[in-house]
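Take a look at the structure below.
The figures here come from the full heavy-atom set of this structure, side chains too, leaving out hydrogens, waters and symmetry mates. Numbers restart at 1 for each chain; the letters A, B, ... are given by sequence-line order, proteins then strands.
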Number of protein chains: 2
Amino acid sequence: MNQKINNLTLKMLAKQLGLSVSTISKAIRDSHEISDTTKKRVNELVQKLNYIPNPYASSLGSRNSKTIGVVIPEVVDSFFAKAINGIESIAQENGYHVLIYLTHESIEKEKQILKDFESGRVDGVLLSVSRETCSHSHINILMNKGVPLVFFDRVVDEVKASKVVTNDYESAYKATELLIKNGCKQILFLSFLNTLAISNKRLNGYKNALLDNRLAFIEKNILTFQNDSKKDYLLLKKKLNLTKRADGVIASVEKLALPVYQACEELRLNIPGDVQVIGFSNLDTAAFLNPPLTTITQPAFEIGKTAAALLVKALGRKKIELANEEIIIPSTLVLRRSTSL
Amino acid sequence: MNQKINNLTLKMLAKQLGLSVSTISKAIRDSHEISDTTKKRVNELVQKLNYIPNPYASSLGSRNSKTIGVVIPEVVDSFFAKAINGIESIAQENGYHVLIYLTHESIEKEKQILKDFESGRVDGVLLSVSRETCSHSHINILMNKGVPLVFFDRVVDEVKASKVVTNDYESAYKATELLIKNGCKQILFLSFLNTLAISNKRLNGYKNALLDNRLAFIEKNILTFQNDSKKDYLLLKKKLNLTKRADGVIASVEKLALPVYQACEELRLNIPGDVQVIGFSNLDTAAFLNPPLTTITQPAFEIGKTAAALLVKALGRKKIELANEEIIIPSTLVLRRSTSL
DNA sequence: TTGAAAGCGCTAACAG
DNA sequence: CTGTTAGCGCTTTCAA
């Protein structure tokens, strides 16, 4: 269907050099079975004619595609964007190609994508699950088909696999503790509706920090946002406007920090005077918000890079095997003016 | 090398149904040559056995891969992240897969990537060139090989191809005019070192707005940043600290808005009282910066989406042809408090 | 409407 | 060290 220009093939090279196709093939891949002289002859012709092998033919023969599939919820999110950067750096370095798929937080899309991967389209998968992902059979099915998979950031605890994460529990604990030390009595915890392990860990960190500091854990101080619902925003505003008003907020998701700022602005509440705020975020602009936002900053690039490295290393082995290890790369608490000094 | 699980093949299906491989193949692709009854039989078995075709074998046979290559400078940039979103939406909708490549602003990498595309790895390319891209033979070579390519945002004027851009000249003109109307006399224009057409257009908009308003165009008011150099930042600071200090700044690139804020903070200059600032930016946080940043906001999602749509439409045709049209989707000037009212 | 046969361009034993 | 022989799994004429 494509009017593709007659691309050079191994066969043509073979004819030109009076060698066999397989010799050329091996020479190009620098096989030890081939003499240096013929390698040189071959490479010269390859250069001269600008021969570029057909990757799909190679894949078919060798049963691997030199490509990895990256499945993430969003790309407009500084965490994921930076993680992709890390992934790409490793891929690039090792001659892998990167197929990107966005689930937009939909488990249906996630299933669809993983199912497609059963085709052998990718040699391995890097996955950060959607908020909707509660069941995980689709992940197991793929892995059982022999497709290596490494989770990063948003992992599923129940699935046995290699995982690269950050210390969500501790970070949330520290964040909460900071607010408490700073005198907050009513601390809101904002998150999106989901069953993500990562959310739970953050929530538990928050909860335990409260309890360890003899503060009540109040169910109603957990605000669970639906996607972009106005209602949730109004609830947040209400919480910040009661007589016994919330005086601290932890936005456990990057996107939820801004609504807090917005609400405070509309209510003419001072941050950090009236309300102190901490956000889980990789925003480069955090330092320039009004006021600068104290953040839990995840090592996004490193997480992506490490996950990719794990996968690529495994793919390089004769017998592919991931150790099912969990690598934890700690986040950093960056103090700024949204929490009082 | 891969211990891939014995994947189902057409041959196996054929045997089970007592049909030929080609019949199955056609049935699966819903060919009109196949009777409805056999189509049904085939599809039932396909469902039951969960048959998934090998994409690389298909590619080899059909000479197209159903994947597009997206080449961009960075992904940690809200413009590109949003553009990817647009691209992905179209790809997804049309059954295309998306390979992502980052040049990190290096023309060498860009060349390497485009050269790889000569292999037939992708059916078409979406390209936003690196800052270093001055020559463009690598792009022409690829196109001459018959690989369809659509530029988006950062185009190369000299190359004939379809392009999706925004109105950079007008936007910069409007931005400059706004500052002038607001009383600015010394307006800095910040950009990165490059020969990008897009930069030139913005610069010209700035220049002409000055001239049309009887203000001098001063070469030294153009600050050209190298990548992350401290020196440039210091120069910016100096410009903001002269007796005849700059009183307006246009950051013609998203990344350069923050240094301005930083410099003003360090110099204790008030925005917009002492200096008014406008940034070309898609930052969601713009509204929450201190003060909220007036921006030229590009239609990132639409640009990506439109470029992808153009490409995909062309790929769907028997005889692939792009009309070499240039589609312009206008940006929006969003007034916020970094420019006085 | 179906099927046989000939590839697509490359890899991979295995011989020589 | 090089070549021969089979495929990889699918698409595509072209006959039947």
Please tabulate the protein-to-nucleotide N/O contacts below 3.5 Å involving nucleotides 8-11 of chain C, giving atom names and distances.
unit_1: dC8(C); atom_1: O3'; unit_2: Arg63(B); atom_2: NH1; d: 3.3
unit_1: dC8(C); atom_1: O3'; unit_2: Arg63(B); atom_2: NH2; d: 3.3
unit_1: dG9(C); atom_1: OP1; unit_2: Arg63(B); atom_2: NH2; d: 2.6
unit_1: dG9(C); atom_1: N2; unit_2: Ala57(A); atom_2: O; d: 3.4
unit_1: dC10(C); atom_1: OP1; unit_2: Tyr51(A); atom_2: OH; d: 2.2
unit_1: dC10(C); atom_1: OP1; unit_2: Asn54(A); atom_2: N; d: 3.3
unit_1: dC10(C); atom_1: OP2; unit_2: Leu10(A); atom_2: N; d: 2.5
unit_1: dC10(C); atom_1: O3'; unit_2: Ser58(A); atom_2: OG; d: 3.2
unit_1: dT11(C); atom_1: OP2; unit_2: Ser25(A); atom_2: OG; d: 2.5

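- In this structure, CZ in Phe80(B) is found 11.0 Å from CD1 in Ile100(B), a value given to the nearest 0.5 Å.
- Counting only N and O atoms by type, the side chains of His138(A) and Gln112(A) include no donor and acceptor under 3.5 Å apart.
- The separation between Asn64(A) atom CG and dG9(D) atom P is 13 Å, rounded to whole Å.
- For the pair Thr23(B) and dT2(C), the criterion of a side-chain N or O lying under 4.0 Å from OP1 or OP2 is not met.
- Regarding Asp30(B), its CG atom lies at a distance of 13 Å from the P atom of dT11(D), rounded to whole Å.
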Throw together a table of side-chain donor-acceptor distances under 3.5 angstrom for residues 300-309 of chain A, partners on residues two or more places apart or in other chains.
unit_1: Thr306(A); atom_1: OG1; unit_2: Glu302(A); atom_2: O; d: 2.6

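- Using a 4.0 Å heavy-atom cutoff across all strands shown, Ser35(A) reaches sugar-phosphate atoms only and no base atom.
- Atom NE2 of His32(A) is separated from atom P of dT2(D) by 13 Å (rounded to the nearest Å).
- Put simply, NZ on Lys111(A) and OG on Ser106(A) are 9.5 Å apart, with the number rounded to the nearest 0.5 Å.
- Nucleotide dT2(D) holds its P atom 11 Å from the CG atom of Leu17(A), rounded to whole Å.
- Taking atom CG on Leu13(A) and atom P on dT2(D), their separation rounds to 16 Å, with Å as the unit.
- Salt bridge Glu326(A)/Lys163(A): absent, no basic N to carboxylate O contact under 4.0 Å.
- Between its opening and closing five pairs, the helix from dT1(C)-dA16(D) to dG16(C)-dC1(D) changes axis direction by 30°, a value rounded to 10 degrees.
- In this model, no donor atom of one side chain and acceptor atom of the other lie less than 3.5 Å apart for Asn194(B) and Glu105(B).
- Per the geometry, CD belonging to Glu33(B) stands 11 Å off C1' belonging to dG3(C), to the nearest Å.
- A donor-acceptor contact under 3.5 angstrom links the side chains of Asp123(B) and Ser65(B), judged on distance only.
- In this structure, a donor-acceptor pair under 3.5 Å is absent between the side chains of Lys66(B) and Asn94(B).
- A straight line from CD1 of Ile28(B) to P of dG9(D) spans 14 Å, rounded to a whole angstrom.
- Here the CZ-CD1 distance, from Arg29(B) to Ile24(B), works out to 12.0 Å after rounding to the nearest 0.5 Å.
- Between the CE atom of Met12(B) and the C1' atom of dG7(D) there is a distance of 14 Å, rounded to whole Å.
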